[in-house]
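Report on the structure given below.
Each chain gets a letter, A, B and so on, in the order its sequence line appears, and its residues count up from 1.
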Amino acid sequence: MDVDDEIIKPKADEEKDRKPIVVILVGAPGSGKSTFCDQVMRVSTRPWVRVCQDTIGNGKAGTKAQCLAISSASLKDKKSILIDRCNLDKEQRADFIKLKDSYLADVHAVVLDLPAKLCISRSVKRTGHEGNLQGGKAAAVVNRMLQKKELPKLNEGFTRITFCQNEKDVQEAINAYGALSSSDVLPSGIFGEKKTDTKVQLGIMKFLKRVDAPIKVTSDEKIPEPSNETIKDNRHVNEGQEQSGNHPLDGVPTLAFPSISTADFQFNIEKASEIIVETVEEFVKKIGNGRLVLVDISHGSKILSLVKSKAAIKKIDSTKFITFVGDITKLRSGGGLHCNVIANAANWRLKPGGGGVNAAIYDAAGPDLDIATKKKAGSLVPGNAITVSLPSTSPLYSKQGVTHIIHVLGPNMNPKRPNCLKDDYNIGCKVLREAYSSLFENFASIVRTQEKSSDHEFSNCDKKARKEDGACVNEKNKKLKGFTDVPESNNLCSVDAKQNAASSGKTGGSLNKDWGSWAQAIYRIAMNPDKHRNDVVEILDDVVVLNDIYPKAQKHLLVVARAEGLDRLADVTQEHLPILRTMHDVGMKWAHSFLQENQSLVFRLGYHSVPSMRQLHLHVISQDFNSKHLKNKKHWNSFNSPFFRDSVDVIQEITEEGKPTLNDDEKFISMELRCNRCRSAHPNIPRLKSHITICKSPFPANLLQNNRLLQKTPDKDGNAC
DNA sequence: GTTCTAGAAC
DNA sequence: GTTCTAGAAC
């Protein structure tokens with residue numbers, strides 16, 4: 001279609017009164033921009049020129065410069081213009097807005113903000129599109145464009161902005177513009193935004209700590225009935241932020257997360273929204289002063305409205321959780337919402353690209369994110385999340401204040417993607433719940449770390465002030481009693497007490513330690529193995545081997561030293577190197593024999609920094625941790641934190657330094673529960689246990705070094721060795 | 001080390 | 001009401 005054909009000739013007597021209007025249409029492909037223009041021009045008595053980049057090049061792709069040239073020429077002739085291109089970001093719109101200065105025009109925006117799904121389906125179905133955007137590629141293009149969408153604001157230079165979220169809104173806008181005669185003027189301001197529900201709005205303002213800031217409703221038009229739609233709230237908030245120029249959440253740990261698995265992985269949104277709300281409800285109490293924001297890029301997002309209504313029913317604290325419409329990679333610059341942590345709906349290979357949130361976040365973060373991620377893990381299992389610290393060189397860090405990305409992988413319900421669960425929502429819901437739990441637990445861990453670091457001086461109080469501050473000392477002693485058996489009356493801190501006890505014995509610290517009778521079972525067996533034939537599996541001169549009576553994994557042996565006065569790792573010196581080597585060799589022999597029976601097992605050999613049972617014993621334990629006896633955090637962390645000292649390292653340290661390092665700080669036992677393979681965090685033991693049964697990630701690099709793990713490594717003949 | 005259990009958390 | 005944790009007793 002020739003541009004000139006679209007001009008509607010004005011009546012001569014109206015010519016001199018006319019102030020031209022530049023209507024900048026804003027909308028994705030398929031949002032109905034061309035239809036809007038056609039319909040306005042069909043009914044309007046005002047002379048309009050449609051400036052369409054798709055047609056301006058006469059068959060070739062048009063340019064923005066051509067559009068600007070036609071626009072200028074039309075305005076010069078006092079013709080109003082409809083800019084029919086996507087204009088989805090501020091930059092794209094800027095040059096057209098500038099035209100108002102040269103031609104004394106009013107500049108309006110009409111935002112065709114229809115659901116992405118509708119735009120996509122229209123784009124996919126249509127044939128003969130002027131811009132050749134149709135068929136399968138349209139979906140990807142529309143999605144990509146919508147990710148970069150920036151809604152227009154008055155301060156860009158518009159005198160009027162009309163938002164249309166549905167067909168009815170669009171028709172009203174067509175009627176408004178179609179009815180304009182040459183001299184008519186439409187009122188200025190923002191239109192199509194509905195007055196928000198007061199409670200909801202207050203909730204969001206409370207969330208943003210701006211309770212005292214009144215909400216300015218620019219529109220002077222009739223305001224429709226209150227709506228529950230989140231998007232309206234956000235627009236107001238966004239505008240307020242832009243004007244104030246500050247970021248009210250700076251300093252408050254905030255996690256922005258997308259809905260997991262509901263887009264590409266086609267998870268049922270009704271079920272997903274329920275899981276989101278339930279896990280949010282669970283975690284808002286666990287994240288200290290942290291906050292959660294569910295983000296979706298599209299206005300009218302179904303998942304957001306479902307979550308929002310469910311969260312309202314459950315009365316979830318709106319100062320802790322909100323839904324937000326916006327680009328997750330531009331929350332601070334685009335929405336005034338500073339989120340220091342953002343979640344990425346990752347793919348299992350943790351690779352950049354692929355579209356959606358993953359592509360957007362990797363794009364925004366630059367190559368730093370990929371490098372940092374690769375260092376941390378090579379893959380992710382559904383239901384897991386992993387935290388990656390973002391280097392300060394990343395634009396996402398410098399521009400948006402994002403310090404951490406948490407990659408999270410949900411279940412797949414899309415038969416066109418690998419490992420589809422084929423509508424098995426029993427597993428799907430479980431995995432999705434795990435994914436959110438793991439995500440929030442990772443975030444809680446970041447919050448705790450931040451709290452600790454900001455609290456550092458206070459936490460160190462006992463170093464200088466413990467002698468003056470009895471409460472501080474007693475509290476610490478109480479906490480450490482289980483490890484050191486320090487009497488309550490001892491007014492030294494635990495470390496001092498331990499050193500005191502360790503140095504006062506004649507042949508080792510253990511002589512001063514009161515081992516309970518229950519704690520002496522291994523000692524008794526080691527000293528008299530013949531009396532405990534049923535308990536031991538091997539008796540040698542220097543060591544005895546027994547099955548742990550409460551095994552914490554499929555295979556869990558204890559190799560016990562038979563030397564007197566060698567109660568624990570703290571007693572070990574260079575003179576014990578031979579017995580330590582013997583213990584190691586015997587443990588390896590048993591691990592190898594277990595591997596012959598079951599090649600899927602992986603073994604680790606090591607000591608507890610502070611054992612509960614008397615007599616130095618080496619744990620030989622398979623890394624499945626599949627045991628009903630593994631019940632609490634201490635059980636887990638005693639084998640999966642630095643509290644567990646690998647036999648190889650102990651031997652090396654004694655050889656080189658004369659004594660082993662003891663990681664006996666209480667913090668190791670109280671550490672968060674993290675998977676021993678993928679290092680994802682889990683809120684409690686049952687969740688962790690259900691996770692480790694399915695986690696197939698490789699072990700972390702540090703465990704794969706220095707022969708810390710014993711596992712099947714096929715030789716040239718394919719046999720395990 | 002475990003078991004028991006109160007009470008916190010859900 | 002049920003699940004989970006953590007402290008005391010052994």
For A/S690, side-chain hydrogen bond (donor to acceptor under 3.5 Å, both in side chains) partners two or more places apart: A/E434
Pairs under 3.5 angstrom only: tabulate donor-acceptor contacts from the side chains of residues 551-560 of chain A to other protein residues two or more places apart or in another chain.
residue: A/K552; atom: NZ; partner: A/Y550; partner atom: O; Å: 2.7
residue: A/H556; atom: ND1; partner: A/K552; partner atom: N; Å: 3.0
residue: A/H556; atom: NE2; partner: A/H619; partner atom: ND1; Å: 2.9

Partner set under side-chain hydrogen bond (donor to acceptor under 3.5 Å, both in side chains) for A/N442, not counting sequence neighbours: A/T387
Test side chain to side chain contact (heavy atoms under 4.5 Å, CB included) applied to A/N676 and A/F639, step by step: CA-CA 9 Å; A/N676 58 327; A/F639 291 101; over 6 Å; no
Touch class at under 4.0 angstrom, heavy-atom based, for A/H608 against every strand present: sugar-phosphate
side-chain hydrogen bond (donor to acceptor under 3.5 Å, both in side chains) partners for A/S609, two or more places apart: none
Under-3.5 Å N/O pairs linking protein and nucleotides 1-6 of chain C:
residue: C/dT5; atom: OP1; partner: A/I685; partner atom: N; Å: 3.4

Nucleic acid contacts - residues 547-560 of chain A versus DNA chain C, non-hydrogen atoms under 4.0 Å: none
Less than 3.5 Å apart, which donor and acceptor atoms pair up between the side chains of residues 520-528 of chain A and the rest of the protein, not counting sequence neighbours?
residue: A/Q520; atom: OE1; partner: A/R614; partner atom: NH1; Å: 2.9
residue: A/Q520; atom: NE2; partner: A/W515; partner atom: O; Å: 3.2
residue: A/Y523; atom: OH; partner: A/E564; partner atom: OE1; Å: 3.3
residue: A/Y523; atom: OH; partner: A/E564; partner atom: OE2; Å: 2.7
residue: A/R524; atom: NH2; partner: A/S517; partner atom: O; Å: 3.2

Inter- and intrachain pairs under ring pair (Phe, Tyr, Trp, His ring centres under 6.0 Å), touching residues 657-687 of chain A, at least two apart: A/H682-A/H691
Set of residues satisfying side-chain hydrogen bond (donor to acceptor under 3.5 Å, both in side chains) with respect to A/K589, sequence neighbours excluded: A/E538
